[in-house]
Novice: 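One structure coming up, written as structure tokens, with questions to follow.
From a predicted model like this one, the values you see are computed outputs, not experimental measurements.
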Amino acid sequence: MLGLVLLYWIGKYFYKLAEDYNKSKWGFAVLGIITYYGGIVLFSFITGIVMELVSPGLIERFNDTLLGFAMLPFGILSCYLFYKYLEKKWYKNKPNVNDLIDEIGS
């Protein structure tokens, strides 16, 4: 249940960002959720490799629920970084309204 609420908030923030910059709202909401799961998978893979290199066989004895909770911040971090990247990129490319008004009638 907590996961669904988290996915809702991630989708909502990406939806609002895309709405502010006139981009595909639902597409970026889904992309935000995909970024969350992608971050979890990437960091889980890296953590698994490091755990096996440090102590072989440790990953087999590790609690799956604990690993899921440990990867939660990495998924949120990947979403946050992607959100800030999109926000900065779109803000740079946003046309200045004052310049557009001056061009009217030219």
Novice: List the residues meeting side chain to side chain contact (heavy atoms under 4.5 Å, CB included) with Leu77, not counting sequence neighbours, and say none if there are none.
Specialist: Leu81
Novice: Enumerate the residue pairs fulfilling side-chain hydrogen bond (donor to acceptor under 3.5 Å, both in side chains) with a member in residues 4-32, sequence neighbours excluded, ordered by first and then second residue.
Specialist: none
Novice: Taking only residues two or more places apart in sequence or in another chain, which ones pass side chain to side chain donor-acceptor pair (under 3.5 Å) with Lys84?
Specialist: Glu87
Novice: More than 12 non-hydrogen atoms from neighbouring residues, nucleotides or ligands closer than 6.0 Å to OH on Tyr80, yes or no?
Specialist: no
Novice: Only distances under 3.5 Å count here; give the side-chain donor-acceptor pairs of residues 62-75 to other protein atoms, sequence neighbours excluded, each with its distance to 0.1 Å.
Specialist:
{"unit_1": "Asn63", "atom_1": "OD1", "unit_2": "Thr65", "atom_2": "N", "d": "3.2"}

Novice: For Ile34, which residues count as a side chain to side chain contact (heavy atoms under 4.5 Å, CB included) partner, sequence neighbours excluded?
Specialist: Val30
Novice: Give the minimum heavy-atom separation between Gly11 and Ala29, together with the two atoms involved.
Specialist: O-CB, 3.5 Å
Novice: For Leu42, check side chain to side chain contact (heavy atoms under 4.5 Å, CB included) against everything at least two apart and list the hits.
Specialist: Ile46
Novice: If you look only at distance, which donor and acceptor atoms sit under 3.5 Å apart when one is on a side chain in residues 51-61 and the other is two or more places apart or in another chain?
Specialist:
{"unit_1": "Glu52", "atom_1": "OE1", "unit_2": "Gly57", "atom_2": "N", "d": "3.2"}
{"unit_1": "Glu52", "atom_1": "OE2", "unit_2": "Gly57", "atom_2": "N", "d": "3.4"}
{"unit_1": "Glu52", "atom_1": "OE2", "unit_2": "Ile59", "atom_2": "N", "d": "3.4"}

Novice: Return the set of residues passing side chain to side chain contact (heavy atoms under 4.5 Å, CB included) with Leu86 (not counting sequence neighbours), or none when no residue passes.
Specialist: Phe14, Leu17, Phe28, Phe82, Trp90
Novice: Using links of under 4.5 Å between side-chain heavy atoms of ILVMFWY residues, direct or through other members, which residues join Val41 in one cluster?
Specialist: none
Novice: For Leu7 and Tyr36, which heavy atoms make the closest approach, and how far apart are they?
Specialist: CD2-CD2, 3.8 Å
Novice: Walk me through whether Thr35 and Ile10 qualify under side-chain contact (heavy atoms from CB on, under 4.5 Å).
Specialist: CA-CA 10 Å; Thr35 302; Ile10 290 170; over 6 Å; no
